[in-house]
Structures are given as C-alpha cells and as structure tokens.
Amino acid sequence: MGTDTGAHGTGRGEPQGRALTGHDWPTTEAEAVAVQERVRAAADTMGPGPAPEEVRTVAGVDVAYADDGTLVAAAVVLETAGLTVVEESVHAGRAQFPYVPGLLAFRELPSVMAALDGLAHRPDVLVCDGYGIAHPRRAGLAVHLGVLTGIPCYGVAKTPFLFDYEQPGFDRGATSPLTIDGEQVGCALRTQDGVKPVFVSVGSGIGLPHATALTLRLAPAYRQPETTRRADRLGRARLASLT
DNA sequence: GCGACAG
DNA sequence: ATCTTGTCGC
C-alpha cells in the first residue's frame, strides 16, 4: 500500500509544511492573519483536480475536544469505491491556539498534521470538517491543509455563517452557490432528500465541481460524508478512552 | 437504536 | 466544539 508519509508533494502544489509548522507558527492573531494571507496566495483553487473516478482513497479529518483543552485529531482513510476503511490514525494533544472565529485552523492544524503523519498511506484527497475558501480571507482550514500537505483538499461544513446562499432543491444532489460579496466561494449541497444541505468549499488542489461530486459519493446514506462521520467517531472514541 | 431537529 | 433532555419516525 502507500509508502511515503506526508513529507512530499505529488506534482501539483508543493507542500509548505516546514515553512508553516516550524519556528514561525503564529502565536498571536495578527501573526495568524499574516500566515493566512500567505496560505491563500499559495493555494490552488482553480484546477479541476482529480475527478471522483480517479480518487482511489480519501482521508477524512476531524478533531474532538475535551473540557480540559485536550484535543484528539483523527484521520480515517477510506477506499472511494465501497467506502471501506483502509487505515486510521489519531493524535492526542493540547490546543495551542485559542478559538478565534476565522482562525480555527491554527487551533486544529498541529494535531491534524500529526494525525496525518501517522498514516502509512498517502490519500489522494483530504476532506475536512469546516471551510475552505468560504472564509473571510479565503483561508479556512481546508486551504491550510491542502497547502501544507500538497494533497488536494476541500472542506464540508455543517453550518452556514458568513456567506449567502439560496436553498438548493429538495432532491439529493441539488446544489446552489455560496457567495460572499457576490463572489462564489462554494456551494450548498443536498446530500439526502430533504435534509439540510452541507456547505462545500475548495481548499487547494481540487476544484469545486469535483469536490462536490466526490462529496455526493461519500454521502450515500447520511447527511455528512462517511469520511467525516468515521473521523468524528474515531476521535470521540479515542478522547473517551483517554479517561 | 440512530438520526433529524429542537433551541 | 461539548453536554443534555426530549419527541418524532424509519
């Protein structure tokens, strides 16, 4: 199976992990915002990226929190066909950054990167919980993750906050654009008939059409994609077992 | 039981 | 994000 672990890119965007996770990891909001400007500039948000048929494995990423500041990042690699689990990785740590709206990435990234480093398999795509470019500085968690890892990455969020959208049609597969100040930053996607839509936005290395189509494949039965559901479950379980 | 939806 | 109670419904 997979061999290299997260240190090298696969052609498209070179990973910028060292530059952003090393000594210059931000400690203040101002520094974090400055990092986001750079991350945004480094992101590849246009490319078609891999089509769903070309995506053999997808990793879902999620973070679970405890009261005391402990957090557990979980990564679950699924085979796209059949949605079977290929590999799992968790990493327990402490929040290194306070929760600040718009800066969630800095809270979750260190542990998420550690969890991804724990994978022997290098997934073709990453799906994370939260925003990509549907973000004030077009630099949500999915953008950071895509740039840092060099793996095509996008976000699927549950709640619409800072963008406008029309309700998509009732049927599974219906979409409608998400816009911020008239600029399209993603789409609302109905993953099951009649359930609340999820909000897909690109991170880096994959375009919105492919991200949307892949999300639909990853969500055959529930509102959220299986990647997120599995990662969420794994993270919670690990957190609970931490006692 | 598990998920959607309260709110 | 987390915790909790409760109702409806497959």
Side-chain angles (χ1 to χ4, degrees), chain A residues 26 29 32 36 59-76 78 83-85 88-116 126-132 134-137 139-145 153-163 165 167-176 186 188-201 203 215-243:
Chain A
E29 293 187 26
Q36 288 190 323
V61 159
D62 192 30
V63 178
Y65 295 85
D67 302 322
D68 61 352
T70 305
L71 91 204
V72 173
V76 177
L78 300 182
L83 303 180
T84 53
V85 176
E88 299 180 331
S89 174
V90 290
H91 180 269
R94 300 211 118 243
Q96 299 295 308
F97 203 90
Y99 173 70
V100 179
L103 299 178
L104 175 69
F106 297 95
R107 190 166 167 76
E108 302 200 335
L109 270 172
S111 295
V112 167
M113 290 298 286
L116 290 174
L126 300 178
V127 178
C128 66
D129 221 4
Y131 302 143
H135 179 278
R137 288 170 295 279
L141 177 61
V143 179
H144 284 80
L145 257 190
C153 178
Y154 68 93
V156 178
K158 297 177 287 294
T159 7
F161 271 142
L162 11 86
F163 38 77
Y165 71 100
Q167 214 52 239
F170 179 91
D171 294 343
R172 163 177 156 84
T175 63
S176 60
L189 169 66
R190 195 87 72 182
T191 52
Q192 302 295 320
D193 291 354
V195 307
K196 288 195 305 183
V198 295
F199 305 93
V200 178
S201 63
T215 302
L216 205 50
R217 286 198 182 205
L218 294 173
Y222 300 106
R223 179 188 177 224
Q224 291 186 258
E226 288 302 311
T227 37
T228 300
R229 297 184 70 243
R230 297 291 179 88
D232 183 76
R233 234 211 295 185
L234 176 61
R236 283 176 203 263
R238 177 54 181 274
L239 194 57
S241 79
L242 250 40
T243 244

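As the structure is a computational prediction, the values presented were derived from the model and not from experiment. Labels below follow one simple rule: chain letters A, B, ... track the order of the sequence lines, proteins then strands, and each chain is numbered from 1.
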Less than 3.5 Å apart, which donor and acceptor atoms pair up between the side chains of residues 101-114 of chain A and the rest of the protein, not counting sequence neighbours?
| from | atom 1 | to | atom 2 | distance (Å) |
| --- | --- | --- | --- | --- |
| R107(A) | NH1 | F97(A) | O | 2.9 |
| E108(A) | OE2 | Y65(A) | OH | 2.7 |

Query - Salt bridge present between K158(A) and D129(A) (N-O < 4.0 angstrom) - result: yes

Query - Atom pair CG/SG of L145(A) and C128(A) - distance to nearest 0.5 Å - result: 5.5 Å

Query raised in the report: Which value, in whole Å, describes the distance between the C1' atoms of nucleotides dA6(B) and dC3(C)?
Result: 15 Å

**Report entry** Over 12 non-hydrogen atoms of neighbours within 6.0 angstrom of CG in D171(A)
**Finding:** yes

Query raised in the report: How far, in whole Å, is dT5(C) from dA4(B) if one measures between their C1' atoms?
Result: 15 Å

Query raised in the report: Reading DNA chain C 5' to 3', what string of ( ), [ ], | and . shows its pairs, if Watson-Crick and G-U wobble pairs count only when both distances fall under 3.5 Å?
Result: .....|||||

Query - dT4(C) and dC5(B), which share atom name C1', separated by this distance in whole Å - result: 15 Å

Query raised in the report: Is a donor on one side and an acceptor on the other found under 3.5 Å between the side chain of S201(A) and the backbone of G132(A)?
Result: yes

Query raised in the report: Does any residue of residues 92-107 of chain A have a heavy atom under 4.0 Å from DNA chain B, and if so, which ones, in number order?
Result: none

Query raised in the report: Could you state the interatomic distance from CZ (R94(A)) to CG (D68(A)), rounded to the nearest 0.5 Å?
Result: 5.5 Å

Query raised in the report: Heavy-atom count around Q167(A) CD within 6.0 Å, excluding the residue itself: above 12?
Result: yes

**Report entry** Separation between CG of L71(A) and NE2 of H91(A), rounded to the nearest 0.5 Å
**Finding:** 9.0 Å

Show every donor-acceptor pair shorter than 3.5 Å between a side-chain atom in residues 190-199 of chain A and any protein atom, with sequence neighbours excluded, or say none if there are none.
| from | atom 1 | to | atom 2 | distance (Å) |
| --- | --- | --- | --- | --- |
| R190(A) | NE | G169(A) | O | 2.8 |
| R190(A) | NH1 | V195(A) | O | 2.9 |
| R190(A) | NH2 | P168(A) | O | 2.5 |
| R190(A) | NH2 | G169(A) | O | 3.2 |
| T191(A) | OG1 | R223(A) | O | 2.6 |
| Q192(A) | NE2 | A219(A) | O | 2.9 |
| Q192(A) | NE2 | Y222(A) | O | 3.1 |
| D193(A) | OD1 | R172(A) | N | 2.7 |

Between N or O atoms, less than 3.5 Å apart, protein on one side and nucleotides 2-5 of chain C on the other: list the pairs.
| from | atom 1 | to | atom 2 | distance (Å) |
| --- | --- | --- | --- | --- |
| dT2(C) | OP2 | R236(A) | NH2 | 3.4 |

Report task. Report the C-alpha separation of L126(A) and L116(A) in whole Å, then their side-chain angles, then the decisive distance to 0.1 Å, and conclude whether the side chain to side chain contact (heavy atoms under 4.5 Å, CB included) test is met. Result -> CA-CA 10 Å; L126(A) 300 178; L116(A) 290 174; 4.0 Å; yes

Query raised in the report: Between H144(A) (side chain) and A139(A) (backbone), is there a donor-acceptor pair under 3.5 Å?
Result: yes

Query raised in the report: 5' to 3' on DNA chain B, which nucleotides open and close the contacts with chain A (atom under 4.0 Å from a heavy atom)?
Result: dG3(B) to dC5(B)

Report task. Verify the neighbour count for atom CZ of R137(A): are there more than 12 heavy atoms of other residues, nucleotides or ligands below 6.0 Å? Result -> yes

Query raised in the report: Counting N and O atoms only, with roles assigned by atom type, does the side chain of E226(A) sit under 3.5 Å from a partner on the main chain of L218(A), one being a donor and the other an acceptor?
Result: no

